Structure formats: structure tokens, C-alpha cells
Amino acid sequence: MPAASSPLPIAEVIPALRAALAAHPLVVVQAPPGAGKSTALPLDLLQEDWLAGQSVIMLQPRRVAARAVASRLAEGLGEAVGETVGYRVRFESRVSAQTRLEVVTEGILTRRLQRDPELAGVGLVILDEFHERSLNADLALALLREVQGALREDLRVLVMSATLDPDLPVRLGAPLVESAGRAYPVEVRYLPTDPVGRVEDAVARKVRQALAEDEGDILAFLPGVREIRGAAAQLTDSGALVLPLYGDLSVKEQRRALLPDPAGRRKVVLATSIAETSLTIDGVRVVVDGGQSRTQAFDPATGLTRMVTGRVTRDSATQRAGRAGRTAPGVAYRLWSERTQPLLPPARPPEVLEADLAPLVLELAAWGAPDPTALAWLDAPPAPRVDTARLLLRGLNALDDTGRVTPEGQRLLEFPTHPRLAHLLTGGAQAGLGPLAADLAALLEERDPLPPGSGADLTERVAALRDGRAGRGDRGDAAVLERVERLSRQWRGLLGVRPDNAEPDAYALGELIALAYPERLALAREVLPGGARGRFLLAGGQGVALPEGDALAGAPALAVAHLDARALNPQNAEGRIYLAAPLALSTLDARAGWAEAVRWDARTGTLLAQRERRVGALILETRPLKDLPAELRVAALAGAIRAEGLHLLTFSREAEALRARVQSLRHWHPEADWPDLSDAALLDTLEGWLGPVLGTARTRDDLGRLNLLPALEALLPWPLPQQLGDLAPTHLTVPTGNRIRLEYRADGSPPILAVKLQELFGLEQTPAVNGGRTPVLLHLLSPAGRPVQVTQDLRSFWNSSYFEVRKDLRGRYPKHPWPDDPWTHAPMKGTKRRGV
DNA sequence: CTCTCCCT
């Protein structure tokens, strides 16, 4: 059992770590929470000789954690933050000339590397919480390895991970230093069965039980703010101090959740996954894990993201449970059954495999790596995602066609935000809309300040922000608006504009949104066939809708900023619009261009050939296209046939026979050059063989009426037609002089000759095709055309089965002759005798 | 009743 006063476990491995870092540029430390790796180890390393007085940068994935870790480290030195130990996060830094250990969040390091790739004066970079595999931590590591290889062989990198993953040091080619943790035992308790119903209800129930049965403060994990509010409402009469904890809270509110209640009451903290790592909440001895977590899923097909609530991963659950054992032995209630536990996903995939890569691709292009996949990644960003990101960035004029950063791209990087919003800011400023762009970009980055049910119109949000700023009113969530204003101030500073508190122009907002989200311009379906009020089509092709009764529903066009790709109607994949501004049709029109469109309309079965004025999928105006170039028509019809199937074409009996004959010859003579007339091959080569006979066909009926025989015959150059006739004749002449059609099969089996038995009287041997090499398969028929026998050996039929068959036929067809010597008897066409 | 986390 660990005791709080004993030396930290990490102290035992410090000599090994020093040795490793002295010898290797990259070292991995794996130590469970409580080992002291974040709060003690960096101070020890500051004394290293190889550091030669240079400073240390320590990366933290979250701002709260960066501040907290810096405080703990400074405390360890008996100093204030900002002396030897400082921190730097967005909007806030506490560093001084004497600072030698700087705790920073991830984006700060990326930007610093851009400005100063050599990291002058820095001897060691520590990547803490690396097991989280955040996009920026992966990026930082890739960049740091690049720096080590090219510019700074002396730079050390220390990767710290709270989970034991033997793979990590192997994949990094780095020595591993492993430390024990120091934590009190935590007893994990599962439910007997998986719960049904809402997670907030189950969590509230379990918290009540824990308040009655267990000691110490309680930390409960819920997927999001909504559930936290729901659970809090059920616990108001519990007697405990119930505090929410999530990222959108102000620093002050977060601190309340972290510190003990001054009044000494028991504390219940209802938290999102923010409390999973980094934050130590004093006095927590009970964890209630609701078993869910909410994450953002990026859909590469639409380029849209949506929130998804999923089951907690096993490594997250371990982290959550560990929170109960930081200060004393504890208990962790897991609101799922022990049987379910092994079925949970082990860990979240690294963010780089799932995220929107536009910011990363732009960063790397500016870094001088237009091909991001070429860096030394632990997991390389997936190439299709990189392509999607490049496409977007080219649309924002941030990259050129070769993937290199443009001057506009460089400019976008001056704004610490997504390239889309940076483009909104620069483009807006150029259009003289700088102050509005600053307000809008800030609003789009933050949570919606207005309560649910306020409608989707962004104009209302800008008005609320400006009213607050001008002291005209206090609509909306004050804490959110305060954060929005801080962002807006940052943007105004970078743009060099002053705040504007006038009534916002709704249509100007639409134009600004179009700069950031060109594929989210939307046209009302009301103007389209079958459209309904409030439903829109995005330029990107996706259908979206406003909630019932939204005031924007009457707008002819919208610029949509925030939407959830599938929230409104998962059945037809219709998205839900959360934030938008009305768009003037003239704005849409100004962005539109004429293009020739030749495409198959599957609904009506016709070839559409028109000039269209369009923005992406939005068609504003059409004109018929005269003098349609033949190759466009052929390509469109070929595409239609490929999409709907070869059955759009009608192969006549002759055409099918020709195909079967040629396919048979391909089987019989694979060495010869018979063309492939199979379905697959014909579909592959439609343009070539069908093109010449398409004429003016433009409907499904036209296609069905085409005479395909000449087109197929054209595929047989001389001397193939003659050889085809010789080797695979269409008909055979039987002893009566009748020409009987042969039925060929594409699989090369012998062709079938269906013929009345009597017509073969006088014929001794099975007739053959393929130059006499392939006897036909005889389907011998009765005088009435009924099948009697199938044979490929006529001689043996005459000698044996014929006499069996004759008994039966004689009874049924007494007027017909049934001779004893069929092979010499004259053939018969009917009942009347012909010939001798 | 969308909103885990992050940015010179």
C-alpha cells in the first residue's frame, strides 16, 4: 500500500531515465497515474548536464491541465508560477526571462515550431499524456523527429504515457523506462445486468446509493452537458454539493469543482471525460462511470461532422476508475455488467486516423511538407482524408495545385483557428466586413450563446453579442458571450479593425459564411419539384432541413454554418441545420457558373443535355443544349447503361446467337483472336462498339429499339466473319434438306440441334461444327415436337435406344413410318412419304 | 433539446 509521504515511484527510475536520455534522442516513459511523472520528473531533468542551460518544453493536451501542472511544479520549487516554471496556453501566458520549464498546450508548440523550427534554446521537449494520441501530439512528435534529423541532433524528446503499451517504444525505436504507479486500491463493481433507460437516471440512482453507503466525494462520468444537467436536477435534494465539470465552464467554475467545499459538505462532481485525465479532484473516493462518452465523428463522404455518443473504451474506463484512488482507497461503480466489459472497444483510434485533416495539411504545407504522409508518423494520416483536406484548402486558395502553400495560405496560418474560419476573416476584411467577420468567426468557434429553441438565424447571435458589448441588453449565456467576445477581440486585433455594434446585416453574414463553407450554400427545395418549406439542398449535394417552425424557413437560400449530418432524419440521411444566415439569391448567382451538363436522368429514363448555371449541386437556371457533341452523348449513355445494366439494350435473337457463337469459338480456340462479347466485356467497351449505332438515341425506349447486330458484326474484322460461318454455322442442313438452327452457348458447350427424329433418318453420324471437331448435342423430338432423347452419339442411338423409343412413338403416332433401318431409310418431314 | 477536446 502506497503512503503519501513515501518518495514518488518515479524517483526510482530517474537514474535509468537520465542514462537513457543521455544516450538517446528519443525516450519513452510509461508510468501509471500517480507515479509523479508530470509533477516531479521535469524538475529533476532541469538539472541535466546535456541540457547545457537550455530550457524544457512540456506539452499538455488541455489548458486546465497545463495550468495545474505548472502550479504543482512551481510549488515543488517553492516558487510562484512564471518564475522557473511557467505556462503558455491560448489567451494566457505566465512566463518570464528566468523561465526554464514552459508547460504549453499542443497548438502552441505547433505554432512555435512553424516560427522557429530549430527550437533555439530548447534542449528537451516532453510530450505528456501521449497515450491519448491526440492529433496535435502526433503532429508534434512527427515534426520533432524531423527537426532532430535535419537541424538539431542534440534535441531530446521524452514521450510520456500513462498506459503500458509495449508496442509504442518498439514502433518509435526508442528505449523504454517503466515506472510503477502509486495509487490506492480501487474496488471495481459492475452491475448484474446492463441497464436500460437514460444514462443520467442510472448515474443519479447510483450516486444516491453511494452517498448512503460509501465514504468520500463522488465523481460521476456522463457523456455531455445535457446529461450532466439531467443528473444534477435529480440530485438537488441529496444533501450533497452537486457541481458540474465540463470544458465550457469558466475557469472559476471549474476550480469550484476541483477544490473541497469550503463549507465542508460532501461533494458530487458530475463531469464529462474532461475529468478522465490530468485533473485531480481532491477527496474523491467514489467514481460512478455511466459508461458512455461523446465524440465528434467526421464523415469524409460529406465533409461534415456530427456528435456521436458511444460506449466508453476499456482504457478510458480504467482511467476513470483510477480517479477514485488518488488520495485514499476507493470504489468505482461501472454501470454495465462484467459480461459486457470485455466487449467494450479497447481504446479510441488515434485522432489522426479520424479527424478533419485540413488544419494539419495546411500546417505541414507551410512547414515545407506538401506530402504529409512522407513524415515519420506513428500512424500516417490516411491518404483519402489528406486528399479531401487538400481539395478544401485549394478551394480556400490556401494551397496551389502542387499542394504547396500560397501567400493566402500563409496568411490563414496567422489566425489560430480552422482554415475555413481564417478564410472567413481574411476574405471578410477584404470585403470591408472585418468587424462582422470577427464577431461571426468567434461565434462559430464557440458554443451557441442562445438557448435551445432560439431558431437557427446567426443574425440573432451577432445581435446578442453586440447588444451585450454596447450595454443594450443581456440576451444569451453571459459566460459564452464573454468567451466569444475574447475571441472576437483577438480576431479584430489581427485584422486591425475596431468593434462594430450596429445592427448586423443578415445578408452580409450569408456572404461571410459562404467564404468558410462554400459547400454549405443551400437552396430551398420549395422551388424544386416535390420540395417542402424548411427543407434545403446543399451545394455539396446533401439534403438538410430546419426544425419545424424556424423563422428562416421562408428564405429562398441559406448559408449554413453548423449542421449535423444526420440528425433530423436518419432514414433519408437528411441533416439538421443548427446555425445559418439567409442568403440573397444574387450572392448565390454571383458564385455560379455555366457548365454543360449531359447526364442520364434515371427517374425519367432520358438523357438530359443542357447548359446549367450552378453552384455545386444547386442548379439555378437551365437552357437546352443544342449541337450536343457526340462523345459527350456517347459517354453519358454508356454511363447510364453501366449504372442500370446491359438490359437497357435489347439483343435480338440473331445478335444473341452471334454473341454465343463467338464466345463458343473463344472457348474452342483460346489461341485465336476472337473478340470477347460477354456482358462484362461489352459493358467495358460500350463507347467503342455501341457508339457508332447510337444515332440520336436519348431515352430508355430509344436504347431498347437499337439494332445491335451490325454493331456486334463490326467487331469481327476480315477474315473472322468467314471463319465464323465455317466453324460455327448458324444452321445445319439435315437429310430432309431442312436448315435447322443451332443453339450455341456462351460457355463453349456443344451447340444444340433440336430436330424431329424422323428428319434424321438416313444419317449415320452426329453432325459436327468447329471443323468437324465438336459434335452437336442432338435434342431429338417427336413428330409433335416433344423431346424424346438427348444424345451426342447418333450411331449408338440408332443401334439401341431408337428401338425402345420407337415402341412408344408407334403407339402415339401410328400414321408415321417407324422403319427398322433408320440409318438407311429415307428421312421424313411429316406423315406423307417423300422421296423414295 | 448537437456541443468530448484544442489553437503564436
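Chain A is the first sequence line, chain B the second, and so forth, proteins listed ahead of strands; every chain is numbered from 1. This is a predicted model, so every value here is computed, not measured.
Separating the CG atom of A:L222 from the C1' atom of B:dC1 is a distance of 16 Å, rounded to the nearest angstrom. Rounded to a whole Å, the CG atom of A:L444 is 17 Å from the C1' atom of B:dC6. Regarding A:D138, its CG atom lies at a distance of 17 Å from the P atom of B:dC6, rounded to whole Å. Spacing between atom CZ of A:R229 and atom P of B:dT4 amounts to 9 Å, rounded to whole angstrom units. The nearest whole Å value for the distance from the CD atom in A:E363 to the P atom in B:dC6 is 17 Å. In this structure, A:R90 places its CZ atom 15 Å from P of B:dC5, rounding to the nearest Å. For A:E351 and B:dC7, the CD to C1' distance is 13 Å, given to the nearest whole Å. We find that CG of A:D356 is positioned 17 Å from P of B:dC7, with the value rounded to whole Å.
Each of A:N136 and A:L579 was assigned the nucleotide of DNA chain B with the nearest heavy atom; the assignment lying further toward the 5' end belongs to A:L579. Annotation: of the two residues near DNA chain B, A:T272 and A:F415, the 5′-most nearest-nucleotide partner is A:T272.
At B:dC1, none of the side-chain N or O atoms of A:R576 fall inside 4.0 Å of OP1 or OP2 (strictly under the cut-off).
Heavy atoms of A:T105 sit under 4.0 angstrom from primed sugar atoms or phosphate atoms, though from no base atom. Using a 4.0 Å heavy-atom cutoff across all strands shown, A:L135 reaches no nucleic acid atom at all. Contact annotation for A:R294: base contact, defined as any heavy-atom pair under 4.0 Å involving a base atom. At the heavy-atom level, A:E446 lies nowhere under 4.0 Å from the strands shown.
The side chain of A:S273 lies closest to B:dT4, out of B:dC1, B:dT4, B:dC3. With distances taken from any side-chain atom of A:R226 to the nucleotides B:dC5, B:dC7, B:dT2, the minimum falls on B:dT2. The side chain of A:E445 approaches B:dC7 more closely than any other nucleotide in the set B:dT4, B:dC6, B:dC7. Between B:dT4, B:dT2, B:dC3, one nucleotide has an atom nearer to the side chain of A:Y578 than all others, and that is B:dT2.
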Show me, pair by pair, the donor-acceptor contacts under 3.5 angstrom made by side chains of residues 219-229 of chain A, not counting sequence neighbours?
{"residue": "A:E227", "atom": "OE1", "partner": "A:G224", "partner atom": "N", "Å": "3.3"}
{"residue": "A:E227", "atom": "OE1", "partner": "A:R294", "partner atom": "NH1", "Å": "3.2"}
{"residue": "A:E227", "atom": "OE2", "partner": "A:R294", "partner atom": "NH2", "Å": "2.5"}

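By the 4.0 Å N-to-carboxylate-O rule, A:R62 lies too far from A:E129 to be salt-bridged with it.
With sequence neighbours left out, the salt bridge (charged side-chain N to carboxylate O under 4.0 Å, His left out) criterion links A:R100 to no other residue.
Remark: the A:S134 side chain and the A:E106 side chain contain an N/O donor-acceptor pair separated by less than 3.5 Å.
Using cut-offs of 30° and 60° for the angle between ring planes, the A:H562 and A:Y517 rings count as perpendicular.
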